[in-house]
Amino acid sequence: MEGEGEGVPLQDLNNNNNNNQNNQNQNGGGEGSLSPILTPGVEGGGEIKIDPRDRSDSLVFSETGTQYTDFNTKKDDKDGKDKDDKDKKEEVGPMVGFFQLFRFAEPLDMLFMIIGSISAVGAGVAMPALSIVLGQVMDAFAPSKFLDESYSLYDDVSKISVYFLYIAAGMFVLCYAEVAFWTMAGERQSVRCRKLYFRAILSQEIGWYDITKASELSTRIASDTQLFQEAIGEKVGSFLHFTSTFISGFVIGLINGWQLALVILALTPLLAAAGAFMTKMMTDLTKKGQDSYAKAGAVAEEKIGSIRTVVTFSGEERESQRYYDRLAEAMVVGKKKGVMNGIGIGLVFFILFGSYSLAFWYGSKLIADGSWNPVKDHAWTGGDVLTVFFSVIMGAMALGQAAPSVTNFANGRGAAHKIFGVIDRQSKIDPFSKKGIEIAAQGNIDFNNVSFSYPSRPDVKIFNGFNLSIKQGQTVALVGDSGGGKSSAIALLERFYDPEDGQILLDGVDIREINVSSLRLNIGLVSQEPVLFGVSIEDNIRYGNENATMEQIIDASRAANAHDFISALPEGYKTQVGEKGVQMSGGQKQRIAIARAIIKNPKILLLDEATSALDSASEKEVQVALDNVMKGRTVIVIAHRLSTIENSDIIAVVRKGQIIEQGTHDELLAKEGVYTSLVRRQQSGGDKKEQKKSGVKEIEKEEERETSDSASSSSVEGESDENLTAGGKGKRKRRGGKGKGKKGGKKKEEKSKVPIMRIARMNRVEWPYFVTGSVGALINGTIMPIFAIIFSEILKVFQTPDIEDMKRRAALLAMWFVILAIGSGVANFLQIASFTYIGEKLTHRLRHQSFRSIIRQDVGWFDLPENATGILTNDLATEATHVQGMTSQRLGLLLQNLVTTIVGLIIAFVAGWKLTLVILACVPVIGFSAKVEMDFMGGFSKEGKESYGKSSQIATEAISGIRTVAAFNAEEKIYGKFEYALADPIRLSIRKGNVAGVVFGFTQAVMFLVWALGYWYGGKLVNDGEWKAKQSTLDEYCQPGNIFGDRCEEVWDTIEGFGQMQRVFFAIVLSAMGIGNASAFAPDMAKATTATNAIFALIDRVSKIDPFAKSGQPISPADVKGDIKFANVQFAYPSRPNRQIFADFTLDIPAGKKVALVGDSGGGKSTVISLLERFYDPSAGSITLDGIEIKDINLLQLRAVYGLVGQEPFLFSGTILENIRYGKPDATLEEVIDCAKAANAHDFISALPNQYDTQLGDKFTQLSGGQKQRVAIARAIIRNPKILLLDEATSALDTVSEKEVQIALDNVMKGRTVVVIAHRLSTIINADIIAVFKGGRIVEQGSHQELLEMNGYYTKLVSRQL
């Protein structure tokens, strides 16, 4: 059941004030359970729910949880504040008209909605109609009836009992139709809306995506359509149902006695005001609570997702504190929420019981005074009072119950405004459009005076009068600095964007006049960071050609040098690549992407650093394949490598959006211009021939993605980090990880004993609150049984023929109602405020301790699929809340219901054991119906969320890889998969609608059936003289000559019996509802048990490499020499224990020396750095620093010695200044600027509008790869490390930047031990030692010159590139 984790919904009364989350039995729930006069006590002390998005605990998120919060946009105070402001705007944002919500309705939906509406109105009338029957029941026991000697009480009650059966049958049919038809209509329209929404999103141009965050879009597909669905589904039926009850209640009340009706009506504004106050306060506080927790969740998601970066810079303690601080904000809001909830519910109960007091006192006065009831044309009777009282109170309550639906409608109309805005938006470049010329391109391309700036940065001109002409079949290389506009040229040609001015011609035709799909069909794209989809390798390649045969796929893979590694995988081409290709290494992803482009057989090939992720051996072979593929095609290449560029027909040097030089390799060298200086910079490593330099320069890249094969699931730094933190992934990771994570799930189940004492100990500081909360719960538990006594007494008083006695006793009972009102108000406040406080404190502690335990785990733990970021962040959000099931509100409610049940049963058995036993036979049915009803209260729509999981995953993946989708014309294919995934919810909706309808109809009907049985049997017992009047009463009233004559004793026995019968009835029904409510907690308790065991298992988990441990030999960075030795090391990654990376590995890195590691991907180079940083420990052998085993050194002090720059650096959300300071939190601004200058980052940072205060977020799209890398280098060198670890540290830089950064690094390296994994000549050639890796062993070792003289494997690596 959806709402299990969060507080038990209140029955009728509290639903007045419940907001849309619980909005209680949106289908009228609760009202049929029992007449509203009974309901207050049942729910006393419940927790109010507010917003559907309040499910952030299961979020986003759920889902949301995702919270449905875009974690990427709320990473720090400033971002959070911006988002808060944005949310505020959204809250009161524009809405569509209510009837516009139904724009997707088809004739069948219209029919469903009409049937559902008529049924809802009919079901709404049934409850006030019940009050008429109850009035008739009361009048059947009236003494005046006995003046007729032929009157038979049994016959009269039997006849009236049949009316209950009629109402029950009517309620079953009407409630079934209301729920079933509105559910099906809502679901059908919602699915239609989802399809149109997703299709509209896919049809938008890429520029629109730049401005609209991808992570936000994915969330919106889930959350906005959910809000939309809730506004058009059974909530509409619920609203009509309650509105009908409201109107008919007041009409029946006024018809049956307008005087009393008006008195009760005068009090309803008070009740409404109390409810409105509570709803408003709770809505605001829930919103604040969500925002506060979203900030904490954002810290968790980002930091867990980039754990290697956190670990590298020893940020664990800082992040733990940051998370604690964010949680504290949420806790403060939570406490306030508890107080306001307590005040609100306490006030509502006070006013409610107070109004009972006034109504019954005034009713007794009308009867006693013999006032004439003009509409009924007789003097007021007890039955009239009962009918008016019930009908008006029901009507007033129904108004409160209808209110949450109005909130739903407002949320839905707001969400619809956003959805319809996208659906109605005309895309500037629509891939679904049939407009435009269909072409079979020749391949002549002309850029004429093109001006362009990105929509997300309109102030920054990328091109201003850009010209370039490419003839059919030519290969044109674009070279130049990062940010010069090379990739923009490709983006414009693909029509990801359109130029602001000028035109791009293909075969003389402006590409804007060509059909978008037809244009892209002629172009094949391989980009620097390839995107794979979460399907098999075969299906990924097939994106290039939907109709490709298996032979063609294998041929394309061979051409891309991918076939061998694919064949070596256990499942071959059927291997799942994982979300975003996370299971593949960088080089493997790139080769699959090349195969995908090759199989497309395009006329124009665009290669944007297409071989950058390959090792030199693969690159050489793929380059040959690409050379073959290039023949007869027009090719645009963006690359840094000489081997790729020098054979091009034209090389164009791009700088600041202009082509400043153009010609062949030789022509440009002869010019001695910018290109020549670029080449010389690359060649400045020595006096070898250019080719050899070019070759060794790439020994480098041979390495580039080493993380790749050696640790695809444990890739150092970026690969797994980035893949784990992209927005909106949590949900999919969780789903994807479920199968894999079963092991973890099993672990949870193994241990079933709940450490209840441990939870209690965690809350021991709050014991005074526990005492006050328990006192409140105990008082609350007695309120309803006492109410049953007072209520039955007042009904008995109404039957008393003695007018003076009636007045006296009625006034006394009215006072008791006032006492009850005060007691209930105070008890509810104490119970809710106290238990909420306890729960908030517990949640805060558990979440913080869980996060602290997560952040201290060794990196290998995070590599396991069951510990994926999405799963961990979701558990952080939800499990602590589930543990609240052991304390907080549920414990209070459990206590309260227990007391209600016990006291109620005692009262019932004392009052009449026979009737008690008969009604007790119905308890299982009543209890079952109460429980089932509560299960459905959270909203039937929410149950379908899970069924939307697949479609959400498809949407999220497509949106995050939208450029790839666009480049391969995959929109129709993706949309088809999305449509197919939505077939399930439609099928489910029919079943769900019918099941929900039957269950809801049953729950509403069952109480009427119990009323029928109870009153029939009760009437029979009274008629048979089961209850006798007191002798003193008979002596007083049955004197000779009394008006009842011989039937006097029978009359007083009937009055006594009537009171006792009502007492039994109400006491039993209340007890049954208490049991029903208590049993509804069973799933919560089960969930809490699982969550508790899981959470304590996590908190108690001992990290193998614990950054918080104070143990270990202390070292002073100043005294560290930097002498490193690997001796007989054995190692395998925890996620792949069967694949040995090192077996008997030995390496010496002398102090102060620069050691370069080269070799094929998967050889173990990056693993050396991971072991040095103690991301992992070897299974055997030793690693020493200055002769000390690194395992024996204090971990934080060990890591402080290193400065690491990884291949794909991860930058956190926050400013550039904060990112650089992450390396040294106490650094001054001057130190930051000095380091940025050293890393050649200062100039580009200074050129940004906000300079060092520039925010980086949402995958930091503001910075290019080279800029990110330079910020990361500044972050590493600000630590002034003794040992520098550079894993492809300059791979993302253009030649100019690389040269400058290399000089900076050379300066930083002086006097330090340096370990370099790199391929560029300038980096390797000067190394003191070059170690050549192959298969986890060092096969050669020496200086560059020594290795060349050996003429061995190293020489082969070099010669491959010549």
Side-chain angles (χ1 to χ4, degrees), residues 195 198-199 201-204 206 427 429-441 494-496 514-527 530-560 562-563 566 571-581 584 589-606 610 625 629 633 950-951 953-983:
K195 288 179 187 174
F198 184 54
R199 192 174 177 87
I201 287 172
L202 286 179
S203 74
Q204 302 305 323
I206 302 295
S427 171
I429 307 167
D430 185 356
F432 292 113
S433 171
K434 301 295 177 203
K435 290 179 189 166
I437 309 163
E438 298 278 339
I439 58 152
E494 278 272 13
R495 272 201 84 194
F496 290 163
I514 299 169
N515 176 272
V516 179
S517 185
S518 176
L519 169 73
R520 290 174 182 164
L521 209 56
N522 286 275
I523 300 173
L525 170 67
V526 184
S527 56
V531 172
L532 300 185
F533 297 105
V535 290
S536 66
I537 294 174
E538 177 189 332
D539 289 339
N540 266 292
I541 296 174
R542 201 167 257 130
Y543 269 92
N545 178 359
E546 190 58 40
N547 304 313
T549 63
M550 199 60 220
E551 287 70 29
Q552 288 172 311
I553 289 172
I554 290 170
D555 290 345
S557 302
R558 281 204 172 104
H563 179 68
I566 296 171
E571 293 176 56
Y573 284 86
K574 300 289 182 195
T575 302
Q576 294 292 318
V577 301
E579 182 188 331
K580 286 218 152 187
M584 299 288 116
K589 280 198 282 188
Q590 193 65 285
R591 281 176 273 177
I592 293 169
I594 291 169
R596 180 173 63 188
I598 290 172
I599 206 168
K600 196 175 182 183
N601 194 21
K603 278 287 180 189
I604 300 164
L605 200 56
L606 308 177
V629 175
R633 291 185 166 86
K950 280 186 202 149
S951 63
Q953 185 167 350
I954 292 165
T956 308
E957 203 165 45
I959 290 166
S960 57
I962 190 64
R963 286 164 185 264
T964 306
V965 171
F968 286 92
N969 273 340
E971 291 90 354
E972 282 289 3
K973 179 174 180 173
I974 298 275
Y975 177 69
K977 287 172 72 177
F978 184 78
E979 205 170 25
Y980 180 75
L982 283 177

Exercise for review: Examine distances only and state if a side-chain atom of Arg520 and a backbone atom of Phe968 form a donor-acceptor pair shorter than 3.5 Å.
Suggested key: no
Review point. Do the side chain of Asn515 and the main chain of Ser433 share a donor and acceptor less than 3.5 angstrom apart?
Key: yes
Revision key, fill the gap. CG (Asp555) and CD1 (Ile598) are apart, to the nearest 0.5 Å, by 10.5 Å
**Study point:** Over all atoms of both residues, closest heavy-atom pair of Ile514 and Arg495
**Key:** O-NH1, 4.0 Å
Practice item. Check whether any side-chain heavy atom of Phe533 sits under 4.5 Å from a side-chain heavy atom of Thr964, and report yes or no. Key: yes
Check your understanding: Less than 4.5 Å apart, any side-chain heavy atom of Lys600 and any of Asn545?
Key -> no
Check your understanding: What distance separates Glu972 CD from Glu546 CD, expressed to the nearest 0.5 Å?
Key -> 11.0 Å
Check your understanding: Between Gln590 and Val526, is a side chain to side chain contact (heavy atoms under 4.5 Å, CB included) present by the stated rule, with each step listed?
Key -> CA-CA 8 Å; Gln590 193 65 285; Val526 184; 3.5 Å; yes
Check your understanding: Within the side chain of Asn522, is there an N or O that forms a donor-acceptor pair under 3.5 Å with the backbone of Ala440?
Key -> no
Check your understanding: So, the side chain of Asn540 versus the backbone of Leu532: is there a donor-acceptor pair under 3.5 Å, distance only?
Key -> no
Check your understanding: Should Ile439 and Ser518 count as side-chain neighbours, where that means a heavy-atom distance under 4.5 Å?
Key -> yes
Practice item. Identify the two heavy atoms, one from Ala967 and one from Leu525, that lie closest to each other, and give their separation to 0.1 Å. Key: CB-CD2, 3.9 Å
Practice item. Say whether, by atom type as modelled, one donor and one acceptor occur between the side chain of Gln204 and the main chain of Ile201 under 3.5 angstrom. Key: no
Practice item. Output the distance between atom CD1 (Ile566) and atom CZ (Arg591), rounded to the nearest 0.5 Å. Key: 9.0 Å
Exercise for review: Heavy atoms only: give me the nearest Lys195-Leu982 pair and the separation to one decimal.
Suggested key: CG-CD1, 3.6 Å
Study note, to complete from the structure: Of all heavy-atom pairs linking Ala593 and Pro530, the shortest is CB-CB, 3.5 Å
Review point. Rounded to the nearest 0.5 Å, what separation is found between the NE2 atom of His563 and the CD1 atom of Ile553?
Key: 12.0 Å
Study note, to complete from the structure: side-chain contact (heavy atoms from CB on, under 4.5 Å) with Ile974: of Ile962, Leu202, Ile959, only one passes, and it is Leu202
Review point. Atom CD in Glu571, atom OG in Ser536: separation rounded to 0.5 Å?
Key: 9.5 Å
Review point. What heavy-atom pair brings Val531 and Gly961 nearest, and what distance separates the two atoms?
Key: CG1-CA, 3.9 Å
Exercise for review: Kindly indicate whether the side chain of Met550, heavy atoms from C-beta on, has any atom under 4.5 Å from the side chain of Glu538.
Suggested key: yes
Check your understanding: Are the side chains of Arg963 and Ile206 in touch, meaning some heavy atoms are under 4.5 Å apart?
Key -> yes
Point to revise | Side-chain touch Ser203/Ser427, heavy atoms, less than 4.5 angstrom | key: yes
Point to revise | Centroid separation Phe978 to Phe198 less than 6.0 Å | key: yes
Practice item. Look at the aromatic rings of Phe432 and Tyr975 and report parallel, tilted or perpendicular, splitting at 30° and 60°. Key: perpendicular
Check your understanding: If you measure from CD1 on Ile537 to OG1 on Thr575, what distance do you get to the nearest 0.5 Å?
Key -> 4.5 Å
Check your understanding: Do Ser557 and Tyr573 meet the criterion of a side-chain donor-acceptor pair at a distance under 3.5 Å?
Key -> yes
